[in-house]
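The first residue of the sequence shown is numbered 1, and numbering continues consecutively from there.
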Amino acid sequence: MKRPSVVFLAIAFSGLLAAGCGGNNPESRPGGTAAAASFDLAAMKNVIEGKNDRFTRAHVAGDRASIDDMFADDAKVLPPDADPVIGRAAIDALTAEYIEYGISEFREETTDFYGNEDLLVDQGNYVLVYGKEKVREVGKYVTVWKREGGDWKIQTNIWNTNAPSISTD
């Protein structure tokens, strides 16, 4: 092989290698370091806490439409002592059952929050008061939020009580 051909091959190989490695540069990928650097987790926590507030107020008000709108199209709810509830129509039916009990108080408090520009995890505690007997339920929850259509929607929600519910009357 002639010397100029070896030099040409070395230059060509170097160019291909550099081009191939460019796709591995996190700055050049969606969700890479550049996107992560601009992602503000503290600001997102405030957004999700605002959504949690609307979610709990909508339960007390019996506003199923507002609750339904907070869920992703393919959302999953994992209620205590029941099978998973999948999809917005099924979640709406579950919401209707809960609202029928007569929710008079509902609060959530975030205790742990993490995620990225695609998924956020909100973990916390809740207090729920419902029914004519004013049953007070205290428990914990985990909600996974995903970005859907430019907004944050609930992808998965699970909760359970810390102890048996008690009547406050």
Check for me, please, whether [X] and [Y] land in the same ILVMFWY cluster - side-chain distances under 4.5 Å, paths through other members count.
{"X": "Tyr126", "Y": "Ile158", "value": "no"}
{"X": "Val47", "Y": "Phe113", "value": "yes"}
{"X": "Phe55", "Y": "Val144", "value": "no"}

Tell me whether the count of non-hydrogen atoms from other residues, nucleotides or ligands lying under 6.0 Å of CD in Gln123 goes above 12. yes

Closest heavy-atom pair, Gly115 versus Leu41, reported as atoms and distance to 0.1 Å, is N-CD1, 4.0 Å

Between Arg147 and Trp152 the two heavy atoms that sit nearest each other are NH2-CZ2, 3.1 Å

Within the side chain of Thr56, is there an N or O that forms a donor-acceptor pair under 3.5 Å with the backbone of Asp53? yes

Is there a side-chain contact between Lys146 and Asp74 (heavy atoms, below 4.5 Å)? yes

So Asn162 and Lys140, do their side chains get closer than 4.5 Å, heavy atoms only? yes

Side chain to side chain contact (heavy atoms under 4.5 Å, CB included) between Asp69 and Lys153, intermediate numbers included: CA-CA 8 Å; Asp69 187 53; Lys153 300 285 185 172; 3.4 Å; yes

Distance in Å, [X] [atom1] paired with [Y] [atom2], rounded so as to fall on 0.5 Å steps:
{"X": "Glu148", "Y": "Ile154", "atom1": "CD", "atom2": "CD1", "result": "11.5 Å"}
{"X": "Thr143", "Y": "Phe71", "atom1": "OG1", "atom2": "CZ", "result": "8.0 Å"}
{"X": "Arg54", "Y": "Ile67", "atom1": "CZ", "atom2": "CD1", "result": "13.0 Å"}
{"X": "Leu120", "Y": "Lys51", "atom1": "CG", "atom2": "NZ", "result": "11.0 Å"}
{"X": "Thr110", "Y": "Lys45", "atom1": "OG1", "atom2": "NZ", "result": "6.0 Å"}

Hey, mind stepping through Asn125 and Thr111 against side chain to side chain contact (heavy atoms under 4.5 Å, CB included) and telling me if it holds? CA-CA 7 Å; Asn125 300 309; Thr111 58; 3.4 Å; yes

Distance-only donor-acceptor hits, side chain of residues 78-95, under 3.5 Å, sequence neighbours excluded:
| from | atom 1 | to | atom 2 | distance (Å) |
| --- | --- | --- | --- | --- |
| Arg88 | NE | Asp68 | O | 3.3 |
| Arg88 | NH1 | Asp73 | OD1 | 3.2 |
| Arg88 | NH2 | Asp68 | O | 2.9 |
| Asp92 | OD1 | Arg64 | NE | 2.9 |
| Asp92 | OD1 | Arg64 | NH2 | 3.3 |
| Asp92 | OD2 | Arg64 | NH2 | 2.6 |
| Thr95 | OG1 | Ile91 | O | 2.9 |

Could you name each residue pair satisfying ring pair (Phe, Tyr, Trp, His ring centres under 6.0 Å) that touches residues 84-106, not counting sequence neighbours? His59-Phe106, Tyr98-Trp159, Tyr101-Tyr130

Test log, rule side chain to side chain contact (heavy atoms under 4.5 Å, CB included), inputs Val142 and Val121: CA-CA 7 Å; Val142 175; Val121 177; 4.0 Å; yes

Step by step, work out the side chain to side chain contact (heavy atoms under 4.5 Å, CB included) result for Trp145 and Ile48. CA-CA 8 Å; Trp145 295 82; Ile48 296 304; 3.4 Å; yes

Could you please spell out the steps behind the side-chain hydrogen bond (donor to acceptor under 3.5 Å, both in side chains) verdict for Asp122 and Tyr114? CA-CA 7 Å; Asp122 172 30; Tyr114 51 92; over 6 Å; no

